[in-house]
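Notes to accompany the following structure.
Per chain, numbering begins at 1; letters A, B, ... match sequence-line order. Only heavy atoms go into these numbers, but all of them, side chains included; no hydrogens, no water, no symmetry mates. Computed from a prediction, not measured in an experiment: that's the story for all the values here.
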Amino acid sequence: MESLVLAMVEEPSVCAAARALLGAVVFGHDGVAARITEVEAYDGPDDPASHAYTRTPRSEIMYGPPERLYVYRIHGHHCANVVTSAEGRGSAVLLRAGEILDGHDAARARRGDVVDHLLGRGPGNLAKALGITMADRGTDVRTGPGVVVRRSPPLPAETITAGPRVGVRLAADRPWRYWVSGDPTVSAYRRHARAGESTSPPRRRIQ
DNA sequence: CCTCCGATGTGCT
DNA sequence: GCACATCGGAGGC
């Protein structure tokens, strides 16, 4: 019981990896670049909300080497993740939102005529703005081709906020979503309709 | 083969 | 707040 509590409290390494991706710049297709403002951490077999919770052909790439792109489709949208763990662990970071820095025309051609701060808000919209599709699965984001991630120095901890992950039914209260505090490109929180009860959704400053 | 179901986005009440 | 489009993955039979 005590070990269970400790396991719940202890933060897996993918959470630090997620925070480290805030501020990184993703270079996508057709000259679109985005500064990452919102991410979510997904761990391996210990995280019921993660695709890696069940090891299948789809999630196998999460168990592969780090720095590879894991792309999946949901409800007709693409979502992009970066595998952050050593081979065999199965954790990855979902890129949930970004500020478009360059390639606004190409991004808008894919996303439609929306104001800048909405171009890359939400994981499906961000992937769409960047032109990321299933064809980018497995890309080494250190080298490309197609998609490259340039990491930045860590953001000051006091500029990062954490909260529960968006739209997950299982493990709905783990505060493994991280975003740049107050950034207009960050997506809204939506709790899964069938997620378990929660007295007060955890939200805290990183320190 | 078939059914169920989202790590979503959008629009409407 | 709620409905629903939409489609690949996962699992049951």
Side-chain angles (χ1 to χ4, degrees), chain A residues 11-12 14-15 17-19 21-22 26 28 34 36-64 68-85 89-98 100 107-138 147 161-179 184-198 201-203:
Chain A
E11 174 182 283
V14 66
C15 291
R19 294 192 293 270
L21 274 166
L22 291 175
V26 181
I36 299 304
T37 57
E38 179 192 359
V39 293
E40 281 174 359
Y42 288 90
D43 208 0
D46 295 328
D47 181 8
S50 175
H51 290 170
Y53 188 64
T54 53
R55 189 166 180 167
T56 66
R58 177 176 67 154
S59 62
E60 191 59 29
I61 190 167
M62 291 180 68
Y63 285 92
R68 304 299 166 86
L69 212 56
Y70 168 49
V71 184
Y72 67 92
R73 293 199 69 161
I74 181 170
H75 291 272
H77 305 274
H78 297 281
C79 295
N81 303 248
V82 176
V83 178
T84 59
S85 53
R89 165 91 186 196
S91 55
V93 173
L94 171 65
L95 308 180
R96 279 202 59 92
I100 304 301
R108 202 162 265 116
R110 289 189 279 259
R111 281 278 294 116
D113 188 18
V114 296
V115 294
D116 283 4
H117 74 275
L118 297 181
L119 280 172
R121 183 160 86 171
N125 288 333
L126 177 61
K128 193 171 185 180
L130 290 166
I132 293 175
T133 67
M134 288 299 198
D136 297 300
R137 272 182 305 184
V147 180
T161 311
R165 295 171 290 186
V166 173
V168 297
R169 184 172 60 89
L170 303 172
D173 294 321
R174 294 188 191 183
W176 292 356
R177 170 181 178 235
Y178 305 95
W179 65 92
T185 65
V186 172
S187 67
Y189 176 67
R190 298 185 313 280
R191 190 174 179 84
H192 188 105
R194 296 205 299 143
E197 288 299 314
S198 168
R203 171 179 292 206

query: Going by heavy atoms closer than 4.0 Å, what residues in residues 45-57 of chain A are next to DNA chain C?
result: A:Thr54, A:Thr56

Dot-bracket encoding per residue of DNA chain B, Watson-Crick/G-U cut-off under 3.5 Å, | denoting interstrand: ||||||.|||||.

By ring-ring contact (aromatic ring centres under 6.0 Å, His included) - contacts of A:Tyr63 (at least two apart): none

Heteroatom pairs (N/O) under 3.5 angstrom, protein to nucleotides 9-13 of chain B:
residue, atom, partner, partner atom, Å
B:dG9, OP1, A:Pro123, N, 3.2
B:dG9, OP1, A:Gly124, N, 2.7
B:dG9, OP1, A:Asn125, N, 3.1
B:dG9, O4', A:His77, NE2, 3.4
B:dT10, OP1, A:Arg111, NH1, 3.4
B:dT10, OP2, A:Asn125, ND2, 3.4

message: Going by side-chain hydrogen bond (donor to acceptor under 3.5 Å, both in side chains), name the residues that satisfy it together with A:Arg68, two or more places apart in sequence or in a different chain.
response: none

query: Among all residues two or more places apart in sequence or in another chain, which pass the side-chain hydrogen bond (donor to acceptor under 3.5 Å, both in side chains) test with A:Thr185?
result: A:Thr37, A:Asp183

query: Earliest and latest nucleotide of DNA chain C, 5' to 3', sitting under 4.0 Å from a non-hydrogen atom of chain A?
result: C:dA5 to C:dG11

message: Per the salt bridge (charged side-chain N to carboxylate O under 4.0 Å, His left out) rule, what does the pair list look like for residues 70-83 of chain A, sequence neighbours excluded?
response: none

message: Taking side chain to side chain contact (heavy atoms under 4.5 Å, CB included) as the definition, give me every residue that meets it alongside A:Thr54, ordered by chain and number, with sequence neighbours left out.
response: A:Thr56

- request: Could you list the residues that satisfy side chain to side chain contact (heavy atoms under 4.5 Å, CB included) with A:Leu170, not counting sequence neighbours?
  value: A:Pro48

All side-chain hydrogen bond (donor to acceptor under 3.5 Å, both in side chains) counterparts of A:Glu40, not counting sequence neighbours: A:Tyr42

Table please: side-chain donor-acceptor pairs of residues 116-128 of chain A below 3.5 Å, with sequence neighbours left out.
residue, atom, partner, partner atom, Å
A:Asp116, OD1, A:Arg108, NH2, 2.5
A:Asn125, OD1, A:Arg111, NH1, 3.3
A:Asn125, ND2, A:Arg121, O, 2.9

